[in-house]
Amino acid sequence: MYSIKAITSLTGLGAETLRAWERRYQAVIPQRNESGRRFYSAHDLEKLQLLANLTRQGHTISKLAPLKVPELQQLVSGQNAENDEVLVLVAQIGRALREYRLDRCEYLLKRALLAKEPLPFIRDVLTPAMLKVGELWEQRQINVAQEHMFSECVKRILIGLFNSLHTITANRPSMLFATPAAEQHEFGILFCCLLAAEQDFNCYYLGPSAPTEDILDAARKLKIDILVLSIVQSPLEQKTDAALAELITSARAENINVWIGGAGAQIWRRERAELSQMYQFIVN
């Protein structure tokens, strides 16, 4: 028998998550001793390990919880087969790009999108494909023009997907997505915008390197609840650092929550400790 502490250690699930899965979905029903403490069987542990694995792959717990262990094992096996398919797809995209077949690249990505929900598509298809293209560029198997054309292809697909998902509806929280001055990398913030739209937030996307005054003006006029900013530079350019400080201070003065993420966020967080109470750090 396993204690809840042992289960959280072996599965990577937090105790609160585990209790919520039990209470809301009856994912497992642990035994209890006379004092009411939970104890889990080896079967419970196996099921929870499978559930933890599959939810990290994008499956929803509400659909997984009623399944038995053999059914969950089949899903895991299917996931492994999908991973092999993605490797083949990424290789096909690489070949097409080297031959300047951008139409082929776009076709392959759109075909994959038809078979997946937005989150699995971004995580399991688009991210590996973009990493592969980056490797090809570093290895000088493709040139800057090919890399830029692929980036524009990806952006068209994401914008199209966003437009198909997004509607503005009253009584929903509103989010504004942007990168501050001199931050040109936009795919991370665009991914976040797309996923928020899928979760029925009202979403507005300003793109990369937006002027500070324009971001604040849009936030006011659109009555934004949450301003989401992404930074990838490390260290930041002075212009970006100043823009972030102004955005955070001004937004919080107007009761707009600020969320900051991206590859450069963790270092900036340490360097700007005096602002740490004024924004939420969301990605390391």
Side-chain angles (χ1 to χ4, degrees), residues 12 49-61 63-64 67 71-166 177 184-199 203 205 207-208 230 232 261-263 283:
Q49 287 175 325
L50 290 165
L51 291 174
N53 183 358
L54 289 164
T55 53
R56 292 182 189 119
Q57 297 299 320
H59 295 272
T60 57
I61 185 60
K63 294 180 180 179
L64 295 174
L67 301 180
E71 295 171 308
L72 295 171
Q73 290 172 333
Q74 286 184 344
L75 278 177
V76 170
S77 298
Q79 192 76 46
N80 292 336
E82 285 186 14
N83 291 340
D84 292 338
E85 291 177 3
V86 169
L87 291 176
V88 172
L89 174 65
V90 168
Q92 291 174 331
I93 289 172
R95 285 197 299 271
L97 188 57
R98 285 193 293 268
E99 298 169 1
Y100 283 91
R101 290 287 311 279
L102 270 298
D103 58 332
R104 174 69 173 165
C105 291
E106 191 156 347
Y107 166 76
L108 290 168
L109 289 173
K110 286 182 175 178
R111 187 180 67 179
L113 177 58
L114 290 174
K116 290 183 177 290
E117 296 295 321
L119 175 57
F121 172 72
I122 289 172
R123 184 194 57 227
D124 301 333
V125 176
L126 202 51
T127 298
M130 294 181 71
L131 289 172
K132 179 63 176 178
V133 170
E135 290 175 5
L136 293 175
W137 179 79
E138 289 180 353
Q139 295 164 2
R140 298 186 177 182
Q141 296 186 41
I142 62 171
N143 59 33
V144 172
Q146 289 166 313
E147 189 273 334
H148 283 186
M149 286 189 289
F150 181 76
S151 294
E152 289 303 312
C153 169
V154 170
K155 187 174 178 180
R156 284 196 302 274
I157 291 171
L158 290 175
I159 293 293
L161 182 56
F162 172 72
N163 289 335
S164 70
L165 288 172
H166 188 228
F177 296 81
Q184 298 293 340
H185 293 82
E186 65 177 317
F187 282 113
I189 200 74
L190 185 52
F191 288 169
C192 291
C193 182
L194 176 59
L195 296 177
E198 187 193 21
Q199 296 300 313
C203 297
Y205 179 67
S230 175
V232 300
V283 180

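Counting begins at 1 with the first residue of the sequence. Everything numeric here is computed off the predicted structure, so don't read it as measured data.
Under the 3.5 Å distance criterion, the side-chain polar atoms of E198 are left unmatched by any main-chain donor or acceptor of L165. Put simply, the side chain of Q146 gets close to the backbone of N143: a donor and an acceptor are under 3.5 Å apart. A donor-acceptor pair under 3.5 Å links the side-chain atoms of N163 to the main chain of I159, judged by distance alone.
Taking CG of N53 as the start and CD of Q73 as the end, the distance is 11.5 Å to the nearest 0.5 Å. Between L190 atom CG and F177 atom CZ the span is 10.0 Å, to the nearest 0.5 Å. Interatomic distance, L194 CG to I122 CD1, rounded to the nearest 0.5 Å: 4.5 Å. Atoms CG and CZ, on L195 and F162 in that order, are 11.5 Å from each other to the nearest 0.5 Å. Note: E147 CD to M130 CE = 8.0 Å, rounded to the nearest 0.5 Å. With rounding to the nearest 0.5 Å, the separation of CD1 in I93 from CZ in R101 is 13.0 Å.
Inter-residue side-chain proximity for L50 and L67 is flagged as unmet; no heavy-atom pair is nearer than 4.5 Å. Side chains of L75 and L64 form a contact here, defined as non-hydrogen atoms less than 4.5 Å apart. Here the side chains of L102 and L97 are in contact, with some heavy-atom distance below 4.5 Å. Taking 4.5 Å as the limit, some side-chain heavy atom of F191 sits within range of a side-chain heavy atom of L158. Within the 4.5 Å cutoff, the side chain of E85 has no heavy atoms near those of the L89 side chain.
Salt-bridge annotation for E186 and K155: present, with a side-chain N of the basic residue lying under 4.0 Å from a carboxylate O of the acidic one. Between E106 and K110 a salt bridge is recorded (basic side-chain N to carboxylate O distance below 4.0 Å).
Heavy-atom minimum distance, G262 versus S230: CA-OG, 4.0 Å. Contact record, C193 with Y205: SG-CB, 3.9 Å, taken as the closest heavy-atom pair. What you find for S164 and L161 is that their closest heavy atoms are OG-O, 2.7 Å.
Residue E71 qualifies as enclosed at atom CD: its count of foreign heavy atoms under 6.0 Å is above 12. The number of heavy atoms from other shown groups lying within 6.0 Å of OH (Y100) is above 12.
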### Query
Taking it one step at a time, do F150 and L109 satisfy side-chain contact (heavy atoms from CB on, under 4.5 Å)?
CA-CA 11 Å; F150 181 76; L109 289 173; 4.1 Å; yes

